[in-house]
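Worksheet: the structure to be examined is printed underneath.
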Amino acid sequence: MSSHGTGSTGAASAAHSSAPAPASSAKAGLGELAKSYSPKETESAVGEVWRSANAFRAEPAGIGPRGNAEPYCIFIPPPNVTAALHLGHALNNTLQDVLTRAHRMMGQNTLWMPGTDHAGIATQTVVEKRLLQQGKRRTDFTREEFIAKVQEWKDEYEATIISQLEAMGSSCDFSRTRFTMDPVCAAAVREAFFRLFKDGLIYRGYRLVNWDPVSRTALADDEVEMEEVKGHMWYLRYPLEDGSGHVTVATTRPETMLGDSAVAMNPKDPRAAALRGKRVKLPIVGRVIPIVEDDYVVLPAELAQQVGADASDPKAAFATGFLKVTPAHDPNDWEIGQRHGLKAINVMAEDATISDRHGWEDVSDEARAFLGLSREEARKRIVQWFRDAGLLEKAREYDHSVGHSYRSHVPIEPYLSEQWYVKVTDDRLAGAAIRAMAPDQVDGAPAALQRGGPASGDGELRFWPERYAKTFQMWHENIRDWCISRQLWWGHRIPVWVAPESAAQHAVLAPFVKSGRVSEMVHSGKRFVCVRREGDREAIQSLEANGFTQDSDVLDTWFSSALWPLSTLGWPDPAAAGLEPNLLATFNPSDVLCTAREIITLWVSRMVMFNRYFTPDHHLPFRDVFIHAMIQDGYGQKMSKSLGNGVDPRDIIHSHGADAMRFTLVQMTTNTQDVRMPVDMIDPHSGEVFAPATIRTSAGHTVADATQVSPKDPSKRMVSGYGFASGVATPTDAMPLARNTSSKFDLGRNFCNKLWNATRFALSNLSAGVGDPVPVSELPLVDRWIIARLHRTMHTVEDALASYRFNEYAEALYDFVWRDFCDWYLEAIKPTVKQDARQRRTLRTVLDASLRMLHPICPFVTETLWPHVQATGEAGLPGIKLPPSATLALADWPSIACSVEDESAAALFERTQAIVNAIRNKRGERQVQPKKRIRLQAPSEILALVQASEGIVESLCGLESVGELVPGSAPPADGVPFAFEGREVVLSGLVDAVDVGAERIRLEKTIADRERQISGFRGKLDNAGYIAKAKPELVEETKAKLAEAEADLAAARRLLAALA
RNA sequence: GGGCGCUUAGCUCAGCGGCAAGAGCACCGCGAUUACACCGCGGUGGUCACAGGUUCGAAUCCUGUAGCGCUCACCA
């Protein structure tokens, strides 16, 4: 089919020869472009063109050729280094690149800041998993040794990710690439922590956290996954202390009863009066605990109705009205405990085994038997104990959802511990985030908006699509303080040193505090000292000499991510970080953040809070937030690194090319929430595409089986992407890794090929020279029409881009290039362009402008074609400016004046298209061979239209003659009549003999269609409400349509009569 | 339970108050014509999930129902 692999006359040689200086050295000519676009052979050369032109380097204000231009900046959502990028990232980054490239071409000083995220818990987990496969554990190494291993992993995947971004054509300023744990970012983290600590916004909190008993670390709320679990509801009897009876509590977690410190009941409960002041003797433990009254307790349905309380609470269905209160092991119980001054008795160790060493003191002999048991085992034995003691009232099956660690997948234990918190509930953080919202996107009474005065950034944050503003608002209205300490090794170590409080510390600390090098606080008998600078050895040595030790925990990853728009630009001091002093001021605030919706709470929120808090004028990190769709696999599951169902963009680049991938992704970016991407596999043994065999994981996900059998040869096998990502299967020479693909990308591939061939055709004509510019009014009709279409397309594209309607951008160009330019313009000019230099000027100009507008979506193919097109001579017409440029990536966006749009020419050409379509339709209906010439006879009004088309109707319809149809004269014997614009028109020479019966059926169908239309239009026009209330233009339009339909109907009836 | 979204041609999706509802793929017919078979020309195919309502006019707005998906919170 093409010259793949020959390299002799193909695109590869053309691109390679032009790579060092594409525009100047390229000699355009048909022979240089292969018959079809072969991305593999050109993409790397194009990448080299951009690299050698330093095309994506951004400089701060005042420096470089764009130093005085308005800045445009996007911060990449830093991909985490746990794994390679998948198609979700490809979508995310393609959209950012489209914006970046378009704004660069529009002349702005444009920075797309790239980098990666260390993803503390996730990365540590994948490395630990790999070590486990080698039979080793984290604790077999020192902290430093282990971190070095994680670092190795990070280096490998960081390089992979950057190379994936480059392969996709991402126009990031790679010279500024950052990593959230590099020294520049680490300095920002240190300063931010210090300031928050000093300002009282970081504090030590002793409370229940989400505890992962396997990983033995605290987790943030958003790191907990809810999973449906089949369990039981146990009804336990607790005897009253005075022996007068018992109360029954319902619980799913009987093992926590060892730590109960009260039983609660609702004060409205009819039984409350009798029980008020009584106490309960806790079985097994023997602890005597009070019965407290609290509104939180739900009454059982029957009682609720009796006292007129709300019985609709789902809990009412199984509640007993008595609630065991275990403050140390349940968040709600903790709240009740706080309200009633109850003790929190922690009965578990850090691994969630029953323990008497973490706050449980009154262990009875009977209870001692349960020490050391796991949660699950303790539950069984305690239930058995109650059953044996006759205190188990009943048990029933009960399904409920339980929080699980997204890391180890075991149930989370609400666990009492002391952690570091950021007080995000403070108005300076959450309040500032809500005040940032654009007022028209804030839901409900803007109470929050009224709290603060207008600061810069207030009211400026806008979500696209706007429905996501609600997510942002609700998150901040219900926000809870943020637990930021993690008991991990991989991450930013918390810069706090601690020692038991003592008077002697003052003398040591005073000078450091005074000079602002440290900040201190005292909490529960300990002194905590935050050291501002990592390099402050003097302060650290002094602290350590006085018995202080550094907190061994690290910070939540999102703490450093939250600083990304600041840290990447060198905050707090770019110069000290070795960067340009005004880098930060130039590019923060940035313009838009592109991300997925689950990131709104995790990251967008925190960036907004931190950027506003840390900048003196409280400005935003970005003004717009664009939320794009989530890419799902063919089974409706989110593509994710952890599930391993992601498709590597390099696979799609391999099968379809980077531009095809990009175009397709942009084209599918509507404002929907999810897009499905059915994934096929390519057999590495045969190259055949097939649907992979799937399995269901224990968690219920459908994924490609880890190994697959070759569809061609059952003796051969391969490893799937899932098999590789999950570590289940390792590719070998005999069992290689299979690439994925998806036929979805055919759309983009076909389009790129179409553009390639249209350009090839244009080049073959342009070699005759492009002529001097002439006013648009002097050009042939079809030229004036295509220029009008070009102008309108440019506006559609610009409007779409300005409001992030990416699919409209792609579709406007798809239709313009394929439908208007290829199907109509190129076909129409074929007979004339070789002789008409004016027309070649139009062709040159339209092609040039099209490549420019398409470049942000398809940078590789457009840049490859660019030097060939540039070499044909000057582009542009009066009103259309297309200044030359060596590289397309740095070329100007087209400038097209509205005055070039000739509306009457456009309208006339649209009538031309209509008659061409009508004639083609008649040919098609009769299966006339394309080569066969036919004759047209039409009344003078229609003949005038045909003549005005300047030969286009004749050439596009294969007409050998056009003649006047005199009214009343007999039509030719082989005449095929039809109605056009209410006139009778006859085609002849289509067939040897007219099939009168078939002709009658066609005419009768036309008559029926028109009659239906006419009755529709008349219905509207007879409706007084329509005449009175609809827009006048619309009424006029309807009248015109009615008239035309009536004329067509009359013509068809006359034709039918003549046929008989 | 709260929030968000989806349900339009066989498939994947646009359209979100006003032409006789669109695209790509698939399908059917004609076609190796000096850009392109990753192609050209023509065609088939839809009571726009269902039920009410608002309106001169509803796929489009409102209410309700059903199914699907995501997300947050929570269950003793």
Side-chain angles (χ1 to χ4, degrees), chain A residues 1-2 30 33 35-37 221-222 226 233-235 249-253 264 296-298 312-315 317-325 330-333 398 400-402 467-468 470-471 474-475 478 597-598 600-601 630 632 636-638 656 660 664 667-668 670-678 743-744 746-747 749-765 807-808 811 814-815 822-823 826-827 830 917 920-931 956 958 1009-1010 1012-1013 1016-1017 1020 1023-1031 1034 1037-1038 1041 1045:
Chain A
M1 141 194 120
S2 72
L30 181 59
L33 294 180
K35 203 176 172 197
S36 61
Y37 175 51
D221 293 340
D222 41 62
M226 302 310 282
M233 185 68 75
W234 312 97
Y235 291 82
V249 299
T251 182
T252 56
R253 299 204 57 199
Y296 175 76
V297 180
V298 174
S312 68
D313 191 307
K315 282 175 265 192
F318 51 79
T320 65
F322 298 102
L323 177 65
K324 65 190 273 305
V325 182
D330 181 285
N332 294 310
D333 293 8
Y398 183 71
H400 57 144
S401 57
V402 174
R467 63 176 180 272
Y468 295 109
K470 197 164 190 169
T471 307
M474 283 174 55
W475 168 255
N478 301 304
R597 64 185 178 280
E598 85 260 22
I600 293 171
T601 54
M630 193 92 81
Q632 302 177 336
Q637 305 164 136
K638 176 169 84 180
H656 287 79
T664 306
Q667 178 275 150
M668 64 171 61
T670 63
N671 65 5
T672 186
Q673 289 194 167
D674 310 296
V675 292
R676 273 193 192 207
M677 181 70 66
S743 59
K744 277 224 158 196
D746 293 354
L747 173 83
R749 182 198 56 193
N750 296 354
F751 179 68
C752 290
N753 188 242
K754 188 72 179 177
L755 177 72
W756 177 269
N757 277 292
T759 304
R760 266 193 347 128
F761 174 74
L763 291 174
S764 72
N765 287 294
N807 69 309
E808 287 185 26
E811 275 161 14
Y814 184 95
D815 285 343
C822 293
D823 289 352
L826 292 184
E827 293 304 324
K830 272 180 181 174
N917 286 336
R920 283 175 165 176
N921 174 282
K922 296 295 143 194
R923 294 185 63 125
E925 271 176 354
R926 285 159 191 78
Q927 303 173 4
V928 178
Q929 297 195 343
K931 266 186 284 202
L956 294 185
D1009 281 351
R1010 299 292 147 173
R1012 196 161 2 99
Q1013 285 172 20
F1017 293 139
K1020 277 189 169 184
N1023 183 333
Y1026 181 68
I1027 302 292
K1029 295 187 183 173
K1031 278 183 246 154
L1034 204 64
E1037 207 181 306
T1038 307
K1041 277 183 198 149

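Predicted model only: the values in this text are computed from it and were never measured. Just so we're on the same page: letters track the sequence lines, and every chain starts at 1.
- For L747(A), counting side-chain heavy atoms from C-beta on, the closest listed nucleotide (rA76(B), rC39(B), rG24(B)) is rG24(B).
- Interface remark: the K470(A) side chain does not form any donor-acceptor pair with the rC4(B) base, using a distance-only criterion of under 3.5 Å.
- If you check distances only, the side chain of E827(A) does reach the base of rA35(B) with a donor-acceptor pair under 3.5 Å.
- Of the C1' atoms belonging to rC38(B) and rA51(B), the separation is 47 Å, rounded to the nearest Å.
- Between rG2(B) and rA21(B), the two C1' atoms lie 36 Å apart (nearest whole Å).
- In terms of polar N and O atoms assigned as donor or acceptor, the side chain of K931(A) never comes within less than 3.5 Å of the base of rA32(B) in a complementary pairing.
- When heavy atoms are screened at a 4.0 angstrom cut-off, V928(A) is found touching the sugar-phosphate backbone but no base atom.
- For the pair R760(A) CZ and rC39(B) P, the computed distance is 14 Å after rounding to whole Å.
- Distance from the side chain of P930(A) is smallest for rU33(B) among the nucleotides rC41(B), rA76(B), rU33(B).
- rA76(B) atom C1' lies 5 Å from atom CG of L323(A), rounded to whole Å.
- C752(A) comes within 4.0 angstrom of no nucleic acid atom, judged by non-hydrogen atoms across all strands.
- Nucleic acid contact for D823(A): sugar-phosphate only, since backbone atoms but no base atoms lie under 4.0 Å from a heavy atom of the residue.
- Contact annotation: K35(A) reaches the phosphate of rC36(B) (side-chain N/O to OP1 or OP2, under 4.0 Å).
- Closest non-hydrogen pair, E811(A) versus Q667(A), comes out as OE2-OE1, 3.4 Å.
- Between the CG atom of N478(A) and the C1' atom of rC74(B) there is a distance of 13 Å, given to the nearest Å.
- Each of D746(A), T664(A), N750(A) was checked for a side-chain hydrogen bond (donor to acceptor under 3.5 Å, both in side chains) with H656(A), and the lone residue meeting it is D746(A).
- Pairing each heavy atom of P930(A) with each of R923(A), the nearest pair is O-NH2, 3.3 Å.
- Nearest-nucleotide positions on RNA chain B for K1041(A) and N1023(A) put K1041(A) closer to the 5' end.
- In this structure, R253(A) reaches neither bases nor backbone, as no heavy-atom distance under 4.0 Å exists between it and the strands shown.
- Atoms CG (L755(A)) and P (rC36(B)) sit 15 Å apart, rounded to a whole Å.
- N765(A) comes within 4.0 angstrom of no nucleic acid atom, judged by non-hydrogen atoms across all strands.
- Rounded to the nearest Å, the gap between the C1' atom of rC27(B) and that of rG46(B) is 16 Å.
- Counting non-hydrogen atoms under 4.0 angstrom, R749(A) reaches a base of the nucleic acid.
- Within the 4.0 angstrom heavy-atom criterion, only backbone atoms of the sugar-phosphate kind lie near R676(A); the bases stay farther away.
- Residue contacts shown for Y296(A) include a base, since a base heavy atom lies under 4.0 Å away.
- One can place CZ of F1017(A) at 7 Å from C1' of rC19(B), the figure rounded to the nearest angstrom.
- Straight-line distance between the C1' atoms of rG5(B) and rA26(B): roughly 28 Å, to the nearest whole Å.
- At rG42(B), one or more side-chain N or O atoms of N917(A) fall inside 4.0 Å of OP1 or OP2 (strictly under the cut-off).
- Heavy atoms of D330(A) sit under 4.0 angstrom from primed sugar atoms or phosphate atoms, though from no base atom.
- In this structure, R920(A) and L956(A) have side chains that are in contact, with non-hydrogen atoms separated by less than 4.5 Å.
- One atom, CZ of R926(A), and another, C1' of rC30(B), lie 14 Å apart when rounded to the nearest Å.
- Remark: C1' of rC30(B) and NZ of K922(A) are 16 Å apart, rounded to the nearest angstrom.
- The shortest distance between the side-chain N/O atoms of Q927(A) and the OP1/OP2 oxygens of rG29(B) is not below 4.0 Å.
- Taking the centre and axis of the six-membered ring of F761(A), the NZ or CZ atom of K830(A) falls inside the cone set by 45° and 6.0 Å.
- If you check every strand for non-hydrogen atoms under 4.0 Å, K744(A) touches sugar and phosphate atoms only.
- The heavy-atom pair separating V298(A) from A319(A) by the smallest distance is O-CB, 3.7 Å.
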Review item, nucleotides 14-18 of chain B N/O atoms under 3.5 Å of protein N/O:
from: rA14(B); atom 1: OP1; to: T670(A); atom 2: OG1; distance (Å): 2.5

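- Every stem involving RNA chain B, taken as at least 3 paired positions in a row under the Watson-Crick or G-U wobble test at 3.5 Å, is listed here: B:1-7 with B:66-72, B:10-13 with B:22-25, B:27-31 with B:39-43, B:49-53 with B:61-65.
- Only the C1' atoms considered, rG52(B) is 29 Å distant from rC70(B), to the nearest whole Å.
- Along RNA chain B, the nucleotide closest to E925(A) and the one closest to Y468(A) are compared, and the more 5′ of them pairs with Y468(A).
- Among the protein residues, F318(A) comes within range of the sugar-phosphate backbone only, with heavy atoms under 4.0 Å from sugar or phosphate atoms but none that close to a base.
- Here rG42(B) is the nucleotide among rG42(B), rG29(B), rG24(B) with the atom lying nearest to any side-chain atom of N921(A).
- Across all non-hydrogen atoms, the minimal contact from R253(A) to K324(A) is O-NZ, 4.1 Å.
- In this structure, R1010(A) reaches the bases: a heavy-atom distance under 4.0 Å links it to at least one base atom across the strands shown.
- When only modelled atom types and interatomic distance are considered, N757(A) and R760(A) share a side-chain donor-acceptor pair under 3.5 Å.
- Proximity of Y468(A) to I600(A): side-chain heavy atoms (C-beta onward) are separated by under 4.5 Å at one or more points.
- For M474(A), the side-chain atoms get nearest to rG3(B) when compared with the rest of rA76(B), rC36(B), rG3(B).
- Between the C1' atom of rG69(B) and the CD atom of Q632(A) lies a distance of 7 Å, rounded to the nearest Å.
- Residues Y398(A) and F318(A) share a closest heavy-atom pair of OH-CZ, 3.4 Å.
- Only the P atoms considered, rU8(B) is 15 Å distant from rG69(B), to the nearest whole Å.
- With sequence neighbours excluded, no residue forms a side-chain hydrogen bond (donor to acceptor under 3.5 Å, both in side chains) with Q927(A).
- Rounded to the nearest 0.5 angstrom, K1020(A) NZ and T1038(A) OG1 are separated by 5.0 Å.
- Going from the C1' atom of rC11(B) to that of rC16(B) covers 23 Å, rounded to whole Å.
- Rounded to a whole angstrom, the distance from the P atom of rA59(B) to that of rG40(B) is 33 Å.
- Across P678(A) and K744(A), no two heavy atoms sit closer than the pair CD-CE, 4.3 Å.
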